[in-house]
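Written out below as structure tokens is the structure these notes cover.
Every chain is numbered from 1 and lettered A, B, ... according to where its sequence line falls, protein lines coming before strand lines. Predicted model only: the values in this text are computed from it and were never measured.
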Amino acid sequence: MTDQDRLRDMLLRPSRRHVISGMAALGAVAAIPPRHALAQKRVPITEGDFAPLPIAIPNFVAGTPADGDVGVGVTQVIANNLKRSGLFAPIDQAAYIEKAINVDIAPNFQNWKTINAQALVTGRMTRQPDGRMKAEFRLWDVNTAQQLAGQQYFTSPESWRRIAHIISDQIYERLTGEKGYFDSRIVFVDETGSKERRVKRLALMDQDGANVRYLTRGNDLVLTPRFSPSSQEITYMEFGQGDPRVYLFNIETGQREIVGNFPGMSFAPRFSPDGQRVIMSLQQGSNANLFVMDLRSKTTTRLTDTPAIDTSPSYAPDGSRLCFESDRGGKPQIYVMAATGGPAQRISFGEGSYSTPVWSPRGDYIAFTKQGGGQFAIGIMKTDGSGERILTSGYHNEGPTFAPNGRVLMFFREPGGNSGPSLFTVDVSGRNEQRVPTPGFASDPAWSPLLS
Amino acid sequence: MKVKVDKTVLASVALHVLVLGAVLLSFSTRALEVRPEESVGVDISLESQVAAGMKTGKKEEKQPLVEKVAEAKPTDDAVGKIDEKKQPVVTDTAPEPQPKVVEKPEEKKPEPPKVAEKPKEEPKPVEKKPEPAVDPIAEAIKKEEKKKPKPPKPPVQAAKPPEQHKPKERVFDQSKIAALIDKRDPSRHAATGDTLNSNASLGLSKGRAGDNSATWGSMFRRQVENCWKKPYGGIEQERPEVAFNIRLKKDGTLEAMPVPDGTPSSPYARAYSESALRAIIQCQPYKLPAQFYDEWKAFIPVFQERPI
């Protein structure tokens with residue numbers, strides 16, 4: 001008879017004899033490990049803050065005297081990235097007790113506890129004899145005195161901003177448990193000139209607004225650029241001499257190629273998740289239907305056949321389904337169907353109309369533009385249409401695009417009047433909205449996948 | 001002068017004394033013998049809630065009998081690596097190594113700190129895609145930590161290594177007689193606890209330790225929640241929960257680094273667990289009622305998302 005049996009016996013039939021034998025069992029109960037025997041209380045803790053994490057990022061030290069500027073530059077890019085994410089609160093360098101930290105040794109954590117830093121980033125930039133740049137960084141947990149991450153990178157000196165973005169992604173990922181999104185780019189439509197004679201050029205920049213490059217000269221009107229998920233290509237719509245057409249554009253080579261040769265307009269293109277196909281709308285009279293074209297075989301397949309306007313298709317990340325906008329029910333609404341076509345299911349049922357649906361690269365949400373009550377809003381809903389959440393609303397907001405990690409959206413906002421549009425980011429909680437710096441007016445942003 | 005004693009008085013006194021004395025003695029034992037009904041309150045309680053009471057204990061004793069400081073049961077380890085099995089007492093400066101990150105640049109074999117400057121792999125000249133390189137410095141730091149002296153064991157005389165029963169020559173030892181006449185179950189385990197207490201207690205009323213966790217628990221909760229900055233990224237997908245075994249000193253500071261229960265299952269769960277750990281450390285010292293110290297000197301805060 002084991003102690004447990006005896007104890008159970010005792011509890012079930014509490015005769016005196018059993019109780020006495022149970023007393024002996026008590027000795028055994030007391031002998032099981034103290035964690036159980038002493039009945040430690042479990043105290044539930046549920047109400048944490050979603051406050052940004054205080055992080056200290058002292059300037060990366062210079063490995064050689066010539067590397068001082070790049071060290072400061074890398075530090076600023078990292079601090080800016082983390083701050084804009086809304087999840088981190090970089091502490092002002094003026095408060096630091098130590099200004100330059102040797103990356104080779106464990107820091108004096110007390111100096112960082114004093115200024116309430118919870119995380120600390122140390123680093124060094126060193127120009128190598130072969131001309132390349134070595135970047136080293138360490139991420140420390142101040143309270144537990146642990147190193148959370150540490151890496152070295154080698155790159156060409158002019159790519160130091162990318163190094164800063166990659167380090168930012170490492171920090172973000174280690175401390176939030178989410179993939180980062182800083183090492184990515186944005187393609188958008190740059191707008192200059194007066195409202196009547198607006199010049200629209202296709203432009204490319206880093207996610208934080210640096211390194212702007214123009215891809216077209218602005219002779220023709222360009223709209224809705226979209227990144228390929230797998231190559232350095234974008235697809236977009238351009239009004240040329242005749243009807244608007246869908247084009248492919250290689251960022252590296254500058255080569256441009258028309259996608260298919262269809263009668264009437266082709267518009268609202270987007271790549272499939274494998275980058276092998278482009279899905280778009282083709283005009284047929286006063287209607288538009290969805291078609292998908294295989295980029296290698298050039299074969300085109302019809303996906304919808306309705307007397308309505310079906311447009312803005314966007315694939316789920318696994319490529320099995322797609323969402324699109326259709327006015328088949330009267331007003332524009334969001335529908336979901338299999339990637340091979342077939343019956344579609346309406347998922348948007350709120351007041352007003354819904355357009356420009358985009359499936360999150362993470363698969364959990366569909367973002368949209370919602371129009372109603374004289375307002376344009378950007379929102380997200382789950383892929384079955386539940387849990388709709390408006391992230392921002394105003395005179396005119398349009399064209400959401402997801403960051404590679406699916407936690408942040410970029411869109412453009414037009415304030416009205418004689419002004420022009422500009423780019424903004426907002427996270428999926430709607431708490432953190434940031435303006436994205438651009439040289440001029442900007443619209444139609446599309447976020448690239450992570451570069452590495 | 002001669003006092004004349006009346007014989008009858010004398011006899012009367014003697015008789016009275018005799019009778020009264022007999023009455024006193026015989027009645028006293030009987031009259032005072034109250035045979036109380038032995039009430040056996042069988043309170044169904046989890047075995048973990050039973051404070052080890054003893055029938056022979058005294059009411060005044062609040063603490064359960066502890067004959068032996070609890071220690072982990074030795075596994076069958078003939079070599080006797082007892083120290084390695086023990087939980088090291090970690091301090092802020094010498095933290096216990098955490099579960100490894102997926103990418104482990106530090107995983108290389110130990111190398112002397114001298115070569116720390118040299119990248120291990122010959123890095124290819126890549127412009128587009130910078131590559132992660134070995135991190136020899138972390139290695140050096142780790143080695144340093146290992147070199148640090150082990151913290152001294154708590155000075156408890158009863159905690160002896162549970163091994164080495166060498167057969168000895170038979171020697172007559174008087175003290176063994178006590179053991180011989182101890183008719184208790186020879187295979188019984190000693191009552192264990194974290195501090196020695198030679199007085200058996202009767203156990204507390206209700207047969208369990210006092211529970212004031214509603215009071216000090218909510219005080220602890222309020223304090224630690226002020227420090228907890230949780231990462232909110234994946235909360236909609238995962239509903240993480242992490243429990244820590246923590247031990248506090250009387251002054252409300254941590255006695256050792258809190259130990260999480262189990263290992264996190266995802267990067268998000270890890271970030272969540274680390275945010276909780278940061279909060280526990282940052283918020284000390286905790287202001288908790290001293291009279292309940294026995295309850296809050298060791299407990300388990302569970303960080304979790306409130307159910308929707």
Side-chain angles (χ1 to χ4, degrees), chain A residues 7 11 14 16 19 23-24 26-31 33-53 87 103-104 106 118 130 132 135 141 143-147 149-156 159 162-163 166 173-178 364 407 429 452, chain B residues 40 42 44 47-50 52 55 64 70 92-93 95 98 105 116 119 123 125 127 129-130 132-133 135 137-138 141 185 188-189 191-194 209 213 217 220-221 224-225 228-234 237 267-268 270-272 277-278 281-282 295 298-306:
Chain A
L7 199 67
L11 293 173
R16 187 175 306 175
V19 172
M23 294 309 284
L26 270 183
V29 168
R35 193 200 290 181
H36 304 289
L38 295 182
Q40 291 188 5
K41 288 293 168 219
R42 293 173 75 86
V43 176
I45 316 288
T46 53
E47 302 301 304
D49 240 352
F50 288 118
L53 185 83
L87 304 184
V103 73
D104 294 332
Q118 296 209 355
D130 61 6
R132 291 181 309 153
D141 187 314
N143 286 319
T144 59
Q146 298 236 18
Q147 178 178 319
Q151 293 282 348
Q152 288 183 5
Y153 301 96
F154 292 89
T155 184
S156 59
S159 307
R162 264 207 75 193
I163 289 291
I166 289 169
E173 185 170 347
R174 188 61 187 79
L175 290 175
T176 66
E178 300 275 342
D364 51 354
R407 307 310 301 173
S429 73
S452 50
Chain B
V40 181
V42 175
I44 298 194
E47 57 176 16
S48 61
Q49 289 176 325
V50 179
K55 229 181 164 186
D92 283 2
T93 46
Q98 287 269 324
E127 294 191 356
K129 207 176 165 190
D135 186 1
I137 303 155
I141 293 170
D185 181 359
R188 83 186 246 286
H189 300 277
T192 54
D194 59 350
S213 60
F220 176 82
R221 182 182 308 127
V224 82
E225 280 174 352
W228 188 22
K229 297 177 171 51
K230 52 185 174 185
Y232 78 121
Q237 274 69 41
Y268 179 69
R270 180 172 67 166
Y272 192 86
L277 180 58
R278 275 194 290 274
I281 295 170
Q282 205 197 12
E295 294 179 44
F299 65 101
I300 304 174
V302 184
F303 292 74
Q304 60 198 179
E305 286 314 294
R306 192 207 281 270

Beyond-backbone contact of P44(A) with Q304(B), side-chain heavy atoms, under 4.5 angstrom: yes

L277(B)/T144(A) under side chain to side chain contact (heavy atoms under 4.5 Å, CB included): CA gap, chis, key distance, verdict: CA-CA 8 Å; L277(B) 180 58; T144(A) 59; 3.6 Å; yes

Shortest non-hydrogen contact between I45(A) and W228(B), atoms and distance: O-CZ3, 3.8 Å

Distance, nearest 0.5 Å, that separates CZ of F299(B) from CZ of R42(A): 12.5 Å

Shortest non-hydrogen contact from G177(A) toward A271(B): N-CB, 3.6 Å

Proximity breakdown for F303(B) and chain A, heavy-atom pairs closer than 4.5 Å: both

Full working for side chain to side chain contact (heavy atoms under 4.5 Å, CB included) between V43(A) and R221(B): CA-CA 7 Å; V43(A) 176; R221(B) 182 182 308 127; 4.1 Å; yes

Distance in Å, K229(B) NZ paired with L175(A) CG, rounded so as to fall on 0.5 Å steps: 13.5 Å

Considering all heavy atoms, the nearest E225(B)-T46(A) contact: OE2-N, 3.2 Å

Partners passing side-chain contact (heavy atoms from CB on, under 4.5 Å) against P52(A) (at least two apart in sequence or in another chain): A89(A)

Spacing of E295(B) atom CD and K41(A) atom NZ [to the nearest 0.5 Å]: 7.5 Å

